[in-house]
Each structure stands twice: as structure tokens, then as C-alpha cells.
Amino acid sequence: MKITAIETYVCHARMRNWIFVKVVTDQPGLWGWGEATLEWHTQSVVGAIKDISQLLVGEDPRRIEHLWQMMYRQHFWHGNGIVRGTAISGIDIALWDILGKIHNVPCHELWGGRVRDYIRLYCHLGGGRMEDFYETAPDDAKRFGDLALKAVDEGFTAFKSMAVPETMSLEGLRPVKYAEACVRAMRDAVGDDIDIMVDCHARPSPRMGMLFAKALEPYGLYFFEEPCWPESMEDIALIQRAVQTPIASGERLVGLHAFRDMLEKRAVSVIQPDITHCGGLSEARKIAALADAYRVSMAPHNPQGPVSTAASIELGFATPSYIICESVHKDVEWRQDVVSEGFTVQEKGRIVLPNNRPGLGIEINEEEVKKHPFQQEILQRTFYKDGSIGDW
């Protein structure tokens, strides 16, 4: 059995271009689907996949670890940067899809079988509609409460918000009071039985991140995400030690070694590897095993397309430390037109029941994808009031 081609299909989904990866074999009807979506780097990732494919065409797709080592270590440059790491991830996910199809079992059965009966989903405020999640007016705490109620009405028992505003390296009370007002509005709207997460998007400096974490501590967040740059891991660890709120981070990290450093510093309670960036399912499973040694929870970053979601769910069914799956469902109205999925979602509670199809249990409709060709993603740019560059 040999790999005959590695193809990419780009599907424009407003904020992101989904990059679907199809690994084709010499066996009729046998291929696998992966995803390598990386916003604002679409063309470079597609090029990286083309470069890496030279290593893999003609190889046996069943030798997944062997091929992963080849992709990571050959061509001299290691695959620990975001572009090449994403390219490797997309191909690796597709290889696991193939292996599941060969053995006629879902991927989670390849990894020791199910460790849970269902997986809980959480949504973004607005369901992934970028205007609701990223562009809520800074003086509109009530809108956070309204969107929180809408998420609960749609069946979710957990949701994430961007209640921390874009913030200079040092500011006074205004942004802190704003964040507190927004979180208070959400908690008042949904009560204590709903889990609320706040994503800082690594906007704050370490000092401002600490101030936000302390101000929001009384509201019982499920986790507080990326309070400062991941390059400041020691500072994330300081914030983790200063509050009772679980701290989460890791979506921007690539490879096992980066997560080793995070875990050694006891920086987080929740790791958030992105399966489409960190090295694929192969590397995510190693990261999960490492997290187990520290008794740290895992909640993968997953705001991308439907193959990423299917991969995250398969990983979750076989991973003890996995606690919840990030999901978006309203980023584009035609999302479900491009994919057929093997798992089912119960609307009450938004819980996912296991996929019974082989591999990832999904199939991409290539004709539907062609209806949404590449467009430059909507740029998200931040400037502070003095004109200096900010973190979006």
C-alpha cells in the first residue's frame, strides 16, 4: 500500500480559510481527510504541505509514526514552527483517518477504546459569529448577558467569551472594571450551574493579566485562558499560583517540547494544544500522556473547520485527561453542507455521542468546497489609542 498524492482543498469561511488535506492511496476508494487551517497563513501552509509531500509520496500510509518522524526531522529544519507544524498536523490527521478505515474502526478504537460515554461541547458567544465574539462593544456588558442566555437556550452548559478588552501594557481601572462588568452580567444571566470561560487572547501584559485574573476570581470561571503571552510562561505560572481560577494556555505551542516546558513550570491547570497546529493527532496523544503525569486537564483549541472538530472528538473519546471540546456552529451558515459526520450531538446539553464510522467518521464534499474558493481572510488589526501596535 502506497501514498500516491497529498492534495489540499481551500474553503473560505469568512475569518478563516479552512485547509482540508486529502491523502490518497493506491487502494481504490481509500483516502484520508485532515485539516491544516491557519488563519492569515493559508498560502504558506499550502506551500509547506506541497514541500513535505515530496517525503511521503510512495510511502506506506500505515507507518504513521515513521512518517511523522520523517516530516518532523527531515529536510533539515525541524517541524516546530507554526507553518510547518500545521502542515504536518493536517497530513498526520489524514493518516489516522486512513488507518481507521483500513481496520474498519473509529480512530478512538485504535488508541485503546473509549474512556467515556460522551463529550461535552462548549461554544463561543454568538456560536462562532465573529462579530458577536470579537467585536462586542466595550461599554455593552448587557450584550454579554444576552448572548450568554442565547447559548444556554441553544442547549450549551458551557461557553467562552472575550470579556477582557484589548489592553495596553499598563492601564488604570477602566479595562479591569469593564471585564468585571461583562463577566458579572454573564454570571447573573445564567446562574452558577453554567460554566463560563474567559479568553484573554494573550492581550494583556503579565501585570495586567494578573489584575484581570484577580478581578474575575469571584465569578467562578471554569478556566481563564491566555492571560499573557505564552512567551512569558513564568508569568502565566505566577498568575496560576495567585488565584484559585484554573488557568489555561497552549493553543500557540507547537510540539511536545513546548508543552514539557509549560508543565514543568506548573503554569496551567488546562492545556490547550491545537490538533491542527501542534503536530497532529500523533503529537497530541503524546502531549496528553505528558499532561497525565502532572494531572493537568486537556481542552484542545478548536475554532477551525469540521475535520478539526472530528479529530478533537476522536481524541477525546480515548484520552482520560480530556474535559471538554471547543466548537463553533454559526461561523458560516453552510458549515454542515461541506461535511458528513459520524458522531451525533444531542441538543440538550450539547453532548457528543461516539462516532461509529471508521477513521474520523467524516467525509468532505469536494463540490461544496469549490463553491467557497480562497479569499484573503478578514484581517484583525489592533492599534491602541496612541497609535501603537496592540495584540488582537
Side-chain angles (χ1 to χ4, degrees), residues 13-16 120-167 171 173-204 208 211-227 245-246 248 272 299 301-304 309 324-336 345-352 378 380 382 390-392:
R14 295 193 74 217
M15 182 177 163
R16 296 173 175 86
R120 183 167 65 136
L121 299 178
Y122 76 84
C123 69
H124 293 182
L125 284 191
R129 185 176 178 271
M130 60 183 295
E131 291 83 358
D132 287 333
F133 193 60
Y134 296 108
E135 299 177 14
T136 303
D139 58 350
D140 192 6
K142 181 180 180 299
R143 181 152 174 74
F144 277 85
D146 293 341
L147 289 170
L149 278 175
K150 187 174 182 181
V152 174
D153 288 343
E154 291 178 345
F156 289 96
T157 61
F159 60 82
K160 184 158 74 180
S161 68
M162 292 272 284
V164 170
E166 297 161 344
T167 310
E171 293 197 29
L173 285 175
R174 183 195 60 82
V176 177
K177 291 293 186 181
Y178 159 62
E180 188 176 4
C182 292
V183 175
R184 184 189 307 116
M186 291 187 290
R187 181 58 77 200
D188 289 346
V190 303
D192 292 342
D193 292 336
I194 300 299
D195 289 321
I196 299 174
M197 290 147 273
V198 170
D199 184 359
C200 296
H201 239 219
R203 288 169 167 175
M208 292 303 298
L211 293 176
F212 284 120
K214 285 183 172 291
L216 300 182
E217 186 174 14
Y219 299 97
L221 299 179
Y222 190 62
F223 59 69
F224 188 59
E225 180 176 337
E226 281 204 308
T245 307
Q272 298 177 291
H301 181 246
N302 176 51
Q304 287 92 227
T309 298
I324 198 165
C325 180
E326 181 173 9
S327 68
V328 293
H329 59 291
K330 291 184 177 178
D331 48 353
V332 287
E333 61 184 15
W334 41 265
R335 185 181 179 96
Q336 293 306 122
V345 180
Q346 291 186 355
E347 187 166 338
K348 184 178 180 181
R350 291 286 178 163
I351 62 174
V352 181
I378 297 173
Q380 300 292 325
T382 294
D391 286 287
W392 166 67

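Along the sequence shown, the residues carry numbers beginning at 1. What's counted below: heavy atoms across the whole structure, side chains too, no hydrogens, waters or symmetry copies.
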Contacts of R187 that satisfy salt bridge (charged side-chain N to carboxylate O under 4.0 Å, His left out) - sequence neighbours left out: none

Parallel, tilted or perpendicular: ring planes of H329 versus F156, cut at 30 and 60 degrees: tilted

Heavy-atom closest pair, residues A185 and A141: CB-O, 3.4 Å

Atom of P175, atom of F212 and distance for their closest heavy-atom approach: O-CE2, 3.4 Å

Steps toward side-chain contact (heavy atoms from CB on, under 4.5 Å) verdict (L221, V183): CA-CA 9 Å; L221 299 179; V183 175; 4.1 Å; yes

Nearest heavy-atom neighbours spanning M186 and F144: CG-O, 3.5 Å

Heavy-atom pair with the smallest gap, counting every atom of S161 and L125: CB-CD1, 3.7 Å

S327 side chain vs Y122 backbone, donor-acceptor pair below 3.5 Å: yes

M208 side chain reached by V176 side chain, heavy atoms, under 4.5 Å: yes

Sub-4.5 Å side-chain heavy-atom contact between K330 and C123: no

Other residues, nucleotides, ligands: >12 heavy atoms within 6.0 Å of D153 CG: yes

Side-chain (R335) to main-chain (A13) donor-acceptor, under 3.5 angstrom: no

Close side-chain approach of T157 to R350, heavy-atom, < 4.5 Å: no

H124-E326 side chain donor-acceptor pair, cut-off 3.5 Å: yes

E180 side chain reached by Y219 side chain, heavy atoms, under 4.5 Å: yes

Test item: R120 side-chain N/O and C325 main-chain N/O as donor-acceptor pair under 3.5 Å: no

Atom pair CG/CZ of D199 and F223 - distance to nearest 0.5 Å: 8.0 Å

Nearest heavy atoms of A163 and C182, plus distance in Å: CB-CB, 4.0 Å

side-chain hydrogen bond (donor to acceptor under 3.5 Å, both in side chains) partner of W392, the single match among H201, Q380, E166: Q380

Spacing of I324 atom CD1 and L121 atom CG [to the nearest 0.5 Å]: 8.0 Å

Set of salt bridge (charged side-chain N to carboxylate O under 4.0 Å, His left out) partners for D188, sequence neighbours left out: none

Side chain to side chain, T245 and V198, heavy atoms closer than 4.5 Å: no

Pairwise side-chain contact, F159 with I196, heavy-atom cut-off 4.5 Å (strictly under): yes

Distance-minimising heavy-atom pair for D331 and R14: O-CD, 3.8 Å

